[in-house]
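See structure below.
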Amino acid sequence: MTPKKASLDPVADELVLVRRSQGGDQDAFARLYDAYIERIYRYVYFRVADEQLAEDITSQVFLKVWEKLDTYRVDSSPFIAWLYRIAHNAVIDHYRTKKVSIPLENVSPAEISHEDGIDEKLDLQIESQQLRDALKELTEEQQQVLILKFISQLSTTEIAQQLGKQPGAIRALQMRALQGLARYLNLESEQVYGI
Amino acid sequence: MAFDLDNILEDCLQRLSQGETLQACLSRYPAQAAELSPLLRAAARLEEQIRLRPSAAFKARARAQLYAHMEAHPRKNRRQWNILFPISRLALGVTALLLALALAGTALAQSALPGAAFYPWKLASEQAWRAVSPDPMEFDLALAERRVDEIVAVSGNATAQETAFKEYQRIVIDLQKYQNPIAQSRIQQALTIQEEKIKSTGFLPVDAATPIPTNLIQPTQIPVSTQDVLPLPKATLIPSILVPTHIIPTMVSTKIQLPTALPTKIQLPAALPTTIELPTILPKIQLPTILPTQIRIPTIIPPLPTLPGLP
């Protein structure tokens with residue numbers, strides 16, 4: 001498991017940037033965009049499995065956030081949790097209105113434009129597909145917990161706030177979700193070496 | 001057991017995120033290692049997806065789109081309002097409450113009769129209405145009618161009637177300023193009806209309570225001693241000032257006599273002072289500290305003046 005990167009740490013002056021953005025400071029909001037674009041994109045991508053669609057929804061999420069900034073209360077939840085809620089609603093809205101999803105296998109390699117090398121991109125894409133298929137076997141809540149924890153890198157407390165549950169309940173959900181995922185990925189039969 | 005595994009899994013995930021290896025983590029919990037291992041490897045595969053990133057081109061394009069959107073939909077600086085909102089909300093609430101109380105009090109006061117706690121409020125509210133009334137004369141007449149109704153309503157309570165009557169009189173005095181014959185006719189007509197109404201209650205104001213007798217009957221008997229009839233007033237000493245009659249001019253002169261001639265002689269004092277007081281302290285004289293070392297004698301001596309009477 002990779003250690004969390006510095007770029008994924010909470011924005012040091014997030015509160016200041018949020019307040020400035022609420023006051024109409026475009027540059028402050030652009031800094032928040034820079035800080036969270038990747039995490040939101042990854043979350044959306046994992047839910048829709050289409051790069052183009054993930055980009056469109058991610059763009060729309062930030063436009064919506066700019067418009068709804070007044071409704072965000074600093075003392076109610078972390079800013080990132082609020083962002084994910086909007087992203088989650090955007091994905092739900094997409095499925096509700098369009099009722100269209102592009103299967104991942106239909107996305108040609110030429111369309112994949114991630115930053116890594118092309119082979120690695122393909123490996124990552126295949127891995128993503130496998131994981132997405134496995135996740136589909138889980139409940140919606142279990143999927144949410146795993147994506148927020150491992151893809152969006154939220155803490156258990158943040159997920160609890162996001163989903164309106166106790167941290168203990170999130171830990172239990174996480175365990176059952178990982179058990180289900182391991183089962184679908186056939187990881188249970190693999191030998192544990194070195195113990 | 002399941003509860004324990006939740007916490008152990010959470011602990012391991014925390015350690016892995018801090019850089020600990022899977023093997024090291026499993027060795028911490030040998031009893032749970034078999035159960036933990038697939039879970040941690042599933043978690044690791046999920047976390048690998050963190051490498052999934054949007055393209056730089058998309059990020060730049062979305063950023064430009066965001067700026068364009070922000071320009072098109074600028075946010076007003078509402079933060080100040082957000083800070084002030086609780087204060088302004090409180091102020092609005094208090095104002096609304098006061099306004100509601102004032103309105104309720106004014107409405108309640110309208111039925112107040114003289115002597116009631118709300119009666120002064122009623123009078124004050126009438127003055128406020130009068131200030132904005134388009135026809136002050138008609139308003140005054142209506143107020144006068146109102147006072148009369150109060151006098152009727154508080155029949156039997158002399159003090160209350162007196163209070164209402166005083167207010168009535170004040171309005172009647174105010175009405176005297178309307179000198180227009182039409183207005184005067186209208187006022188007179190209204191006041192006549194109102195006075196009739198007041199009389200019908202049997203109320204007599206203090207000033208008119210003692211009617212002036214029209215026919216005087218001479219007393220048939222004069223009491224011998226007035227002490228039996230009326231107590232004598234207590235004697236009091238009233239100070240008086242006596243002004244001498246001679247200082248009071250009987251007639252004030254209307255002319256002022258000016259002197260016709262100036263004095264021809266001035267009387268000088270007959271004797272001069274015999275002694276002159278000299279100052280006891282003489283002024284100090286500063287002598288020069290340096291005397292001249294050389295004296296120049298004039299080379300030309302002026303001619304002696306001729307003295308009169310000398311050859």
Side-chain angles (χ1 to χ4, degrees), chain A residues 1-5 8 19 21-24 26 29-30 33-34 37-38 41-42 45-46 51 54-55 58-59 62-63 66-67 69-70 113-116 120 124 127-128 130-131 134 146-147 149-151 153 156 168 171-172 174-175 178-179 181-183 185 187-190 192-195, chain B residues 2-3 5-10 12-27 30 33-59 61-63 65-67 69-71 73-80 82:
Chain A
M1 193 175 288
T2 50
K4 286 185 180 178
K5 293 177 184 176
L8 295 177
R19 288 202 183 285
S21 302
Q22 285 180 323
Q26 297 179 3
F29 190 67
Y33 165 88
D34 291 339
I37 180 76
E38 288 189 5
Y41 170 82
R42 199 156 41 236
Y45 178 79
F46 230 75
E51 188 189 353
E55 286 181 356
T58 304
S59 297
F62 281 94
L63 303 187
W66 172 254
E67 287 169 8
L69 262 176
D70 272 344
S113 57
H114 299 295
E115 297 297 285
D116 303 311
E120 200 179 347
L124 192 59
E127 176 73 2
S128 295
Q130 285 178 350
L131 285 169
L146 291 188
I147 292 172
K149 181 69 177 273
F150 301 105
I151 308 297
Q153 303 276 295
T156 302
R171 281 196 291 273
Q174 174 181 259
M175 190 190 71
L178 284 175
Q179 283 171 337
L181 190 69
R183 195 162 48 248
L185 293 172
L187 297 175
E188 284 177 320
S189 57
E190 288 181 18
V192 180
Y193 297 102
I195 303 291
Chain B
F3 176 78
L5 193 62
D6 290 354
N7 294 319
I8 291 167
L9 175 65
E10 182 74 9
C12 279
L13 290 171
Q14 184 72 25
R15 289 175 187 282
L16 290 172
S17 70
Q18 288 165 358
E20 195 168 302
T21 62
L22 180 67
Q23 297 303 328
C25 197
L26 290 174
S27 63
E35 253 185 299
L36 273 175
S37 177
L39 308 187
L40 293 177
R41 278 182 288 125
R45 281 183 67 175
L46 271 175
E47 213 166 36
E48 279 292 300
Q49 299 298 308
I50 206 169
R51 288 183 297 145
L52 204 66
R53 290 198 183 116
S55 67
F58 160 68
K59 287 203 294 188
R61 194 172 60 247
R63 205 173 196 275
Q65 189 186 354
L66 179 64
Y67 262 106
H69 183 80
M70 289 191 292
E71 282 296 325
H73 302 88
R75 299 182 59 75
K76 286 173 187 169
N77 194 344
R78 294 175 189 161
R79 196 182 149 223
Q80 196 178 355
N82 287 343

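The structure presented is a predicted model; accordingly, all values stated were derived computationally and were not measured.
- Both the backbone and the side chain of B:Glu71 come within contact range of chain A, judged by heavy atoms closer than 4.5 Å.
- Only the side chain of A:Tyr33 has a heavy atom closer than 4.5 Å to any heavy atom of chain B.
- Residues passing the salt bridge (Lys or Arg N to Asp or Glu O under 4.0 Å) test with A:Arg183: none are found, sequence neighbours excluded.
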With salt bridge (charged side-chain N to carboxylate O under 4.0 Å, His left out) as the test, would you mind laying out the steps for B:Glu47 and A:Lys149 before giving the verdict? CA-CA 9 Å; B:Glu47 213 166 36; A:Lys149 181 69 177 273; over 6 Å; no
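- Chain A forms the most heavy-atom pairs under 4.5 Å with one residue out of B:His73, B:Arg63, B:Gln65, and that residue is B:Arg63.
- Looking at A:Leu69, both its backbone and its side chain come within 4.5 Å of chain B, counting heavy atoms on both sides.
- Proximity to chain B (any heavy atom under 4.5 Å) is restricted, for A:Leu131, to the side chain, taken from C-beta onward.
- Only the side chain of B:Leu9 has a heavy atom closer than 4.5 Å to any heavy atom of chain A.
- For the residue pair A:Gln153 / A:Arg42, no side-chain donor-acceptor distance below 3.5 Å is found, with atom types taken as modelled.
- For the pair B:His69 and A:Trp66, the minimum side-chain heavy-atom distance is below 4.5 Å.
- A:Thr156 and B:Glu10 share a donor-acceptor pair across their side chains, judged by distance under 3.5 Å alone.
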